[in-house]
Amino acid sequence: MLNASDTILNNLNAKQREAVESIEGPLLVLAGPGSGKTRVITHRIAYLTRVFGVAPRNVLAVTFTNKAAKEMSERLESLIGTNETNYRNPTVGTFHSLGVQILRSHGDRIGINKDFVIYDQADQLSTIRRSLDQLGLDPKRYNPNAILAGISGAKNQMLTLEDHAAKRTHYFEEIVHRVYELYDNLLNRANAVDFDDLLMKSVLLFQNEPEILKLYQDRYLYVLVDEYQDTNVCQYNLMNQITEHHKNICAVGDPDQSIYSWRHADIQNILNFENDYPEAKTVLLEQNYRSTQHILDGAKAVIAPNQQRKDMPLWTDKEAGPPINLIISSSEQEEALSVVSEIVRLEREGLAQPGGCAIMYRTNAQSRALEDAFNRYGMPYHLIGGLRFWERKEIKDVIAYLRVIQNPSDDVSLNRIINVPNRSIGQKTVEELTTWSIENNVPLYSALKVALTDSEQAATDSNGPRLQTRAVKSIKALLEIFDSFVRDSKNISIVELLDVVTEKTGYRQSLLNEDDGEERWDNVQELRTVAAQIEELDGELALSAFLESASLASDIDKIEDESGAATLITLHQAKGLEFPTVFIVGMEDNLLPHSRSKEDPVQLEEERRICYVGMTRAKERLYLLRATHRSLFGSRLSNPPSPFLANIPEIKTQGTNDFSATENKKTILEMPAIDLRAGDHVEHTSYGEGIVIGILPETGDAQITVAFKGNAGVKRLLYSLAKLRKL
DNA sequence: ATTAGCTAAGTTTTT
DNA sequence: CTTAGCTAAT
Ligand SMILES: Nc1ncnc2c1ncn2[C@@H]1O[C@H](COP(=O)(O)OP(=O)(O)OP(=O)(O)O)[C@@H](O)[C@H]1O
């Protein structure tokens, strides 16, 4: 029988084992893609807790995305089993979720109220606009996005307002500084923190309150960090603070996969690890378990020209596999079509499943042509990023209601929904209230209250905000409804609260009257489903916890491969993932490398790394695609091929005139545009109701597979003959 | 107070 | 070509 140690070490190679068994002191695992770095982290945690006897609660593992954290927890669970009574799981989370945890528990020490909300980019921008307005600065002249970048950059480098003051060298930075000051004030007043605060304020808290820091130092005796090459100054400081005494830090990463320098990630953090910790042990992993020989060779050839790198050996004993394919098209539409038809071909020939395919691109805008092609041919797809679920208007509206219920001081959220749906509290009124609240240094919500009491007491000589009677009436109704929500929120579940809020405010009604109302209401219902799922998992859920997961959630967390849908994703978001089949579209100069980066050699090297990350996601099949012409802002322009393509030694090119490519395209082009998708409910004249489970193109037609409700069962029908009615 | 219609700007990449 | 933000008209 195997003991715990054997089970954990069994599926590791010698180097990985060495890393797992190095328990005490700083440990650096440097290795290329697919070499099992993440596996080392998981197994090392298992080893620490199950073999070495470390209490799970003393272990902290930090990842980049929630998805990575979730996957790690799951793998841990299957490795060591969990949740026996008395068994506390290790902490596995993202830097940002760690920040939330720290600030929620101890933020009061630096003046952060426990009920704080987290402002995302849109909330930040709206706060910046308000600041500009207050300062009498023209948002046309001073781009709010640029100012946000300035503030965020400062925070990412741990520059507080005072620090930033010293750094002002340009006029623009002076402006940024003035906005920074007011912006932070507004955030404070709204009891809100932004993404960057989660990290920076945690570090500041630890700096100022050593006894709080000690709590975390004593709690987290073993710390493991994934993707260390993409940590920024705050994250670096945070980890150093926690591991200051025991120095049990295990950093894992790959300098060649550092692609977030624009977010102020500093590759020096990983390169200097051995200087920071002279006693550090370094383990290099050299075997790639993910990709075929062809894919690995191609990727290595792309990264090789970078000057700022140490070459590390990376090999595979996998078979050569099919060569890397280059498909040249004449437009982005044709490019997208090539992708779809190739996926169809792979599926038909039993070579790959659509669910195992990912299409990757440099910029979000590129997803559009792909979506069109997938929709046109009834192929299911899963879009990551872009119009993110959590950023949709209707979702943000509903979340805003919940946020105000939890934290009435949240000005941005209150502003958002104060007149949604229309309740005759117009711009003028809001302006008056806002000005009054800023002058009196109180939240907007208080301004509403004052306005109301004033009018009730018919106080003519009051200093309160001066409003129309109609507006006051609306405000009264609004405050009353919020009071009732706050009361409700204490007694009912979040799902119920969502129902009450959308119903009582008339939000559902008004949404359904808008364009695409049904679809958007469905999104709100999906939010309800998410809430239900979380509640089912965690039992009664606190409103704050729900809002927190809403703030920190990102789309990538939702990838499920069971669905049979191909994944559309940016190259950045694809980091850390793997797929049997990968398509990288837009392999053109100005796009990859992006025109904004290609002038600066340092940035150009990062573009190369982005390409490298994408290529190394592929396990079996890799397609690179480029279009000779592409439209940008409506006008067509032609781009030369990406210079990276020239580095790849063996590549099979399919030009636009290539026979097989044309053949494929014919099949799919002749397929009628079908308005059916897998999952759609349909009705057939004799078989009755059913659900579409598959669509296969045929020459000039399509084969639709439908699972019928009645006795008919699963049927394959020809689209042209079946006369299916969509329900 | 609300809305339709116009103009100008925008595409890197995100927790 | 889109879309967000602003102006003019109701
Ligand atoms: N010792 C091993 N034996 C067999 N398969 C392994 C081994 N180690 C890792 N793998 C597999 O190799 C693949 C890549 O592993 P993992 O994701 O841990 O690599 P990584 O180094 O974190 O990759 P990346 O840096 O590209 O994200 C996974 O499918 C994993 O299951």
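By convention in this document, chain letters (A, B, ...) are assigned in the order of the sequence lines, proteins followed by strands, and residues within each chain are numbered from 1. The model shown is predicted, which means the values in this text are computed figures rather than measured ones. Side chains are part of it too, since the values below use all heavy atoms of this structure and drop only hydrogens, waters and symmetry mates.
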Practice problem: For A:F64, answer base if it contacts any base atom (sugar-phosphate contacts may also be present), sugar-phosphate if it contacts only those atoms, and nothing otherwise; contact means non-hydrogen atoms under 4.0 Å. | Solution: sugar-phosphate
Quiz item: According to a strict under-4.0 Å criterion, is A:N143 in side-chain N/O contact with OP1 or OP2 of B:dG10?
Solution: yes
Practice problem: Can you label the angle between the A:H96 ring and the A:F195 ring as parallel, tilted or perpendicular, going by 30° and 60°? | Solution: perpendicular
Quiz item: Please give, in whole Å, the distance from B:dT15 C1' to A:D197 CG?
Solution: 13 Å
Quiz item: Does the side-chain ring of A:W262 lie flat on the base of B:dT13, meaning centres under 5.5 Å and planes less than 30 degrees apart?
Solution: yes
Quiz item: For A:D230 and B:dT13, what is the distance between atoms CG and C1' respectively, to the nearest whole Å?
Solution: 11 Å
Quiz prompt | Whether A:Y216 and A:F206 hold their rings parallel, tilted or perpendicular, with breakpoints at 30° and 60° | solution = tilted
Self-check item: A:R609 with A:D254: basic N within carboxylate O range, under 4.0 Å
Solution: no
Quiz item: Taking CZ from A:R423 and C1' from B:dT2, how many angstroms apart are they, rounded to a whole number?
Solution: 15 Å
Exercise. For A:L632 and for A:T429, find the nucleotide of DNA chain B with the closest heavy atom, then tell me which residue's nucleotide is more 5'.
Key: A:T429
Exercise. Decide, yes or no, whether a salt bridge links A:D197 with A:K155 under the criterion of side-chain N to carboxylate O below 4.0 Å.
Key: yes
Quiz item: Of all the nucleotides listed (B:dT13, C:dT2, B:dT14), which has the minimum atom distance to the side chain of A:T363?
Solution: B:dT13
Exercise. Answer with base, sugar-phosphate or nothing: what part of the nucleic acid does A:Q121 contact at a heavy-atom distance below 4.0 Å?
Key: base
Self-check item: Integer-rounded Å distance: B:dT13 C1' and A:M360 CE
Solution: 15 Å
Practice problem: Would you mind reading off the distance between A:I102 atom CD1 and B:dT15 atom P, rounded to a whole angstrom? | Solution: 20 Å
Practice problem: Verify the contact: side-chain N or O of A:Q603 to OP1 or OP2 of B:dT13, cut-off strictly under 4.0 Å; return yes or no. | Solution: no
Practice problem: Give the nucleotide from the list C:dG5, B:dT13, C:dC1 with an atom nearest to the side chain of A:F633. | Solution: C:dC1
Quiz prompt | A:R263/A:D230 ion pair, N-O < 4.0 Å | solution = no
Quiz item: Given C:dT2, C:dG5, B:dT11, which nucleotide is nearest the side-chain atoms of A:R129?
Solution: C:dG5
Quiz item: Taking atom P of C:dT2 as reference, at what distance in whole Å does atom CG of A:N364 sit?
Solution: 17 Å
Quiz prompt | Whole-Å gap separating C1' (B:dT13) and CD (A:Q257) | solution = 16 Å
Practice problem: Compare the minimum distances between each of B:dT14, B:dA1, C:dG5 and the side chain of A:R263, then state the nucleotide with the smallest one. | Solution: B:dT14
Quiz prompt | N/O (side chain, A:S597) to phosphate O (OP1/OP2, B:dT13) under 4.0 Å | solution = no
Practice problem: Take atom P in B:dT13 and the same atom in C:dA4, then report the distance between them in whole Å. | Solution: 15 Å
Quiz item: Whole Å only: how far is the CD atom of A:E371 from the P atom of C:dC1?
Solution: 19 Å
Quiz item: Out of B:dT2, B:dT13, B:dT11, which nucleotide sits closest to the side chain of A:N419?
Solution: B:dT2
Self-check item: side-chain N/O A:Q573 vs B:dT14 OP1/OP2, d < 4.0 Å
Solution: yes
Practice problem: Apply side-chain contact (heavy atoms from CB on, under 4.5 Å) to the pair A:Y228 and A:N269, showing each step before the final yes or no. | Solution: CA-CA 8 Å; A:Y228 198 75; A:N269 289 342; 4.1 Å; yes
